[in-house]
Amino acid sequence: MSSSEEIPGGPLWCPHFQKIDERTLRQLFSKVAAVRSENRELFDFTHRRIEVFRGTSTEDTEKWGEERVYQLFSEDELGNFVVVIEGEVGTGKSELCAYLSHQLNDDGRPILHIDKDDDLMSILSERIPEFYQEHFEEPLPGASEFKQLRDDITNNPQTVANNATSGALLNLGRQGYETTHTREDEEAIRDFIQEKLQLLVERGEYAREIKFVTEGEYKQQEELRVFPDHVSADEAVESFNKELWREIRDRYDTASLDDVLEYVGSQFEDTRPVIVFEDFAIASMEAERLRNYMERDKPDDNWDFIVAGTRDSTEVLHTRTAEDRFEFFQTNKRHSKNVLFLDEPSAVDFARPYLGYIKAHDDSVRYDRENGDFELLPAPDGSLCAECGFCDEAFRDLFPFNQVFLRRIYTGLDESQQSPREYIMEIFEVLEEWYEGHAKAPSSASSLRRLRNTVSAADEVYEEAEEFADLAKWYGSVEDDQITVDRRFAEAFHLLEDGAPAVVDVTDDGIIIPSAGVSPSEPEIQSEQTEEDDEESSSTDQTTTPEKSRVEKLIEKHNGLVDSWLENPEEYAKTNRFIRQGLRDAIEHLTDGFKLYEGTKLEYRLSSQKDPFVYVESDDSPEIDQILLDRRDFRRSDLRKILKYGIRRVEEPRSADVDSLLTECGTQLMYYALQWRQMLIEEYLNGEKVFYKGSADYDFTDFVLATYVHLVMLDSPWRNIDATAINERFSEDDAFSVDPHLEEQITEILSQEEYDHIKTAMDSADHIEAMVGKLLGVSGGSLDVPKIRRRLDRNPPYEVLDMLGRQYIAEIDSRVRFGQEAYVRSIADTMYDVRQALEEVADHGYDRELIEEINSEFSTLNMTRVSELVSNLRTYDNVNPDLQQELAKFVDFSQADIDMAVEAADTADTLRMENTQDQIQAALISLKLAATPVVKRFRSVPIDGASSNGGHRGGLGERFKEVSDHYVS
């Protein structure tokens with residue numbers, strides 16, 4: 001049938017799923033085989049014939065079927081008989097136990113079943129007494145003592161622990177062990193044993209070996225090491241555990257497990273009882289005694305033992321005697337969960353009865369099992385399957401799956417997890433999501449994403465209709481560049497109710513979905529010679545042009561793994577490597593090479609071995625320079641584009657176009673780039689523990705502005721340092737340097753080392769100016785003057801630098817730098833030293849007499865009048881030649897030179913009484929004035945009564961006019 005009008009509707013479509021209850025489903029897919037085995041009908045319907053390796057090894061051993069194992073059990077056996085089934089968790093041990101139990105029960109054998117939920121106390125106080133009561137209709141002798149012990153452990157564990165600890169330590173001393181422990185040690189041991197005692201009565205200790213003291217605990221916890229150092233850890237642990245348990249049993253007069261079994265077995269005279277241990281770990285406290293009982297050669301013993309367990313828990317059974325007398329079977333090879341009865345070809349048939357059972361109650365699904373296979377029989381008239389007619393025979397018992405889906409689930413599991421339990425539980429998790437309405441179709445179940453599946457629809461399908469991409473991935477058959485899915489599945493999951501998306505073709509029978517591949521418009525990449533690996537190497541001769549290049553094949557392969565990678569990146573290392581490369585490159589490109597501020601050289605030099613992110617839910621905690629990146633923030637189609645770029649970037653860098661990547665999916669990437677950048681700024685530039693001491697409320701912008709102000713001051717000491725002046729200096733193109741007149745004077749005050757700090761600061765001026773423009777600019781050549789004015793008023797530059805602290809500067813990471821040219825930490829260190837040097841200048845650089853002289857002498861000079869007078873002096877022969885020569889040089893200066901010196905002196909005189917920063921500038925003005933040519937020339941004029949060494953001139957201006965008037969008149 002090809003249209004939805006001809007088949008029944010409903011949210012789950014299949015009438016069987018509309019009628020089945022969730023309890024039945026959970027029982028059907030239970031992890032514990034005993035749950036299914038208790039329902040004989042369910043077990044028989046779903047059980048698949050098991051094969052195992054015979055012997056203690058899986059190498060070159062016989063393969064036995066379950067029927068042959070069952071035939072080993074005989075009513076005529078003399079002595080105990082033991083079958084040991086070993087293997088990893090989930091490989092069919094419990095299933096085989098259940099099969100043998102059912103067969104022996106059918107033979108009329110008494111079965112004592114010890115399942116995984118039992119514990120040693122429940123075995124002794126409940127399981128064996130109940131078994132005995134059932135068969136002999138009287139209480140088991142000694143059962144009350146076991147119950148009393150169990151109750152005391154439950155209700156008064158401290159008392160039991162106190163008695164056991166004290167008695168065990170005394171017994172060890174009597175045995176010759178010179179135990180060494182203090183009262184505090186004994187109390188600690190009692191508390192430790194109390195916790196362990198409670199494990200004896202707790203249910204559900206699945207596959208856990210319970211011991212009072214393990215070897216690891218003995219080595220790690222000092223209070224437990226009560227034996228002398230010459231006693232080995234394994235001897236100490238064995239002796240300690242034995243005495244603790246014996247003390248408990250003796251105090252309650254309880255028999256050991258082997259003694260109890262011997263007594264119970266002796267009561268069966270005409271048959272052999274069977275005891276089934278689904279997990280031998282629960283008998284660990286009695287393991288050695290029980291093993292000795294099991295292996296002893298005594299004809300009157302009559303127990304048949306079926307023991308299952310992991311190889312660790314059954315290690316105690318591997319004595320020479322036991323290996324000779326027991327029958328050992330292995331469900332799987334070591335270090336693998338693969339079993340003989342489940343592989344890729346048999347995976348579909350293995351799952352058939354589990355899914356078919358849902359439809360078996362009205363005989364809709366029946367199997368012919370004569371050959372051990374599951375051949376689906378026709379649905380009888382009147383059954384739901386016969387009336388529905390929706391499914392064909394290829395998937396009628398498998399619905400809502402098909403054969404392709406089930407096979408991909410099995411192959412999608414990691415090889416180490418391809419056990420019967422993992423496979424069936426994966427099917428159930430998918431089924432449960434769909435059954436409960438969390439996934440519109442089973443193919444969209446979130447649990448599938450952790451499985452490896454390389455089938456992938458084209459990117460445009462993921463962009464327009466992800467559910468159809470999922471449908472193709474799990475249900476579809478791949479041929480050439482398209483994936484075909486039976487139309488009935490799309491209808492059953494209501495995917496066609498609103499019509500099919502444009503990218504999908506719908507025919508009468510199928511849904512045609514384009515598969516992932518390299519677009520024809522993309523250039524074919526000639527592969528470079530690379531090292532082959534286990535999955536991606538090609539035997540194609542690299543000298544020939546293959547149909548698809550290596551890069552194209554990698555893109556196709558890993559496209560299909562993106563869904564699985566999303567669930568667990570670490571399991572898909574190569575896919576993860578490519579995607580991480582794409583993500584890193586994108587963030588690096590969007591931050592212009594990990595620049596902290598766009599348009600500047602300030603960068604964070606991220607290690608080439610580290611990505612700027614870690615994934616959310618990763619086991620790795622992010623470091624200071626890494627953000628948390630949520631993989632699920634990206635559309636799957638975007639992840640495929642990132643993957644494609646990453647593959648090209650790794651394999652063929654010339655073909656990787658990062659701009660194209662950002663055009664297609666740059667929005668989310670930009671978010672992470674900005675987040676990374678802001679995180680580094682806040683951590684290393686604006687953090688509470690960097691730059692400033694104590695409670696200073698300054699940030700990186702304050703440091704940059706304060707540094708810039710002091711550089712401007714050293715570059716142009718006479719400039720009035722306010723927001724307008726800073727903007728004017730920023731607009732100029734001249735390079736920064738210490739004013740040459742200032743340099744001449746300042747070096748007489750500062751040591752060479754102190755002055756070197758100032759020169760080093762000037763070397764960083766370009767970087768600081770660029771940061772001023774970035775942080776405080778409004779255009780390429782102009783700053784935000786009001787903003788700067790507010791910041792200067794709130795945080796005066798000197799006060800900002802005064803709060804710098806060496807230890808806080810040291811917290812600035814050395815990776816924060818202006819390329820290779822300067823480290824932010826070094827610049828801050830330098831400014832710390834510059835501020836101290838300038839304080840020295842403020843203390844010794846201000847020349848008060850010079851300022852007063854300029855104010856008094858220059859303020860009355862009119863250079864036009866002076867020039868005229870000097871011209872007249874040249875007409876007299878008796879004028880001092882030195883005076884005439886110096887005056888001739890002086891009059892070369894303009895009135896502007898005089899006025900500028902007067903203005904600078906006025907400024908210095910005003911600033912010298914203000915704050916430290918103003919005092920520094922006053923000193924710098926004074927030093928520059930002393931070295932300014934106009935001042936130096938003025939002070940060199942040799943007039944009687946005046947100093948010729950730069951001292952106070954004593955009214956030179958007035959005296960010069962007097963001399964001039966004399967000669968002129």
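Count residues from 1 along the sequence.
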Would you check if the side chain of [X] reaches a backbone N or O of [Y] as a donor-acceptor pair within less than 3.5 Å?
X: Glu433; Y: Ser447; answer: yes
X: Tyr354; Y: Ile427; answer: no
X: Arg291; Y: Val316; answer: yes

Take Ser346 and Asp343 through the test side-chain hydrogen bond (donor to acceptor under 3.5 Å, both in side chains) and record every step on the way to the result. CA-CA 5 Å; Ser346 65; Asp343 54 17; 2.8 Å; yes
Charged N-O contact under 4.0 Å between [X] and [Y]:
X: Glu571; Y: Arg452; answer: no
X: Asp107; Y: Arg272; answer: no
X: Glu62; Y: Arg54; answer: yes
X: Glu88; Y: Arg334; answer: no

Partners passing ring pair (Phe, Tyr, Trp, His ring centres under 6.0 Å) against [X] (at least two apart in sequence or in another chain):
X: Tyr410; answer: Tyr423
X: Phe53; answer: none
X: Phe73; answer: Phe81

Within the 6.0 Å centroid threshold, strictly below: [X] and [Y]:
X: His318; Y: Phe328; answer: yes
X: Phe268; Y: Phe136; answer: yes
X: Phe43; Y: Tyr99; answer: no
X: Trp303; Y: Tyr293; answer: no

Glu415 atom CD, neighbour heavy-atom count above 12 within 6.0 Å: no
Does any part of the side chain of [Y], heavy atoms only, come nearer than 4.5 Å to the side chain of [X], both counted from C-beta?
X: Leu398; Y: Arg352; result: yes
X: Gln330; Y: Arg311; result: yes
X: Arg127; Y: Leu112; result: yes
X: Trp434; Y: His438; result: no

Pairwise distance CG(Asn302) to CD(Gln267) - rounded to 0.5 angstrom: 10.0 Å
Is Arg49 positioned over the aromatic face of Tyr70, cation under 6.0 angstrom from the ring centre and no more than 45 degrees off axis? no
Who passes side chain to side chain donor-acceptor pair (under 3.5 Å) against Asn453, sequence neighbours left out? none
Tell me every residue that passes side chain to side chain donor-acceptor pair (under 3.5 Å) with Glu315, counting only those two or more places apart in sequence or in another chain. none
Working for side-chain hydrogen bond (donor to acceptor under 3.5 Å, both in side chains), residues Glu278 and His113: CA-CA 8 Å; Glu278 270 200 48; His113 193 271; 3.3 Å; yes
Going by atom types alone, do Thr310 and Asp312 pair a side-chain donor with an acceptor below 3.5 Å?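 Result is no, nothing qualifies.
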May I ask you to check whether Thr314 and Glu86 show a side-chain donor-acceptor distance below 3.5 Å?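 Per modelled atom types, Thr314 and Glu86 side chains form a pair under 3.5 Å.
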Just grab all the salt bridge (charged side-chain N to carboxylate O under 4.0 Å, His left out) pairs involving residues 70-85, residues at least two apart or on different chains. Glu75-Arg109
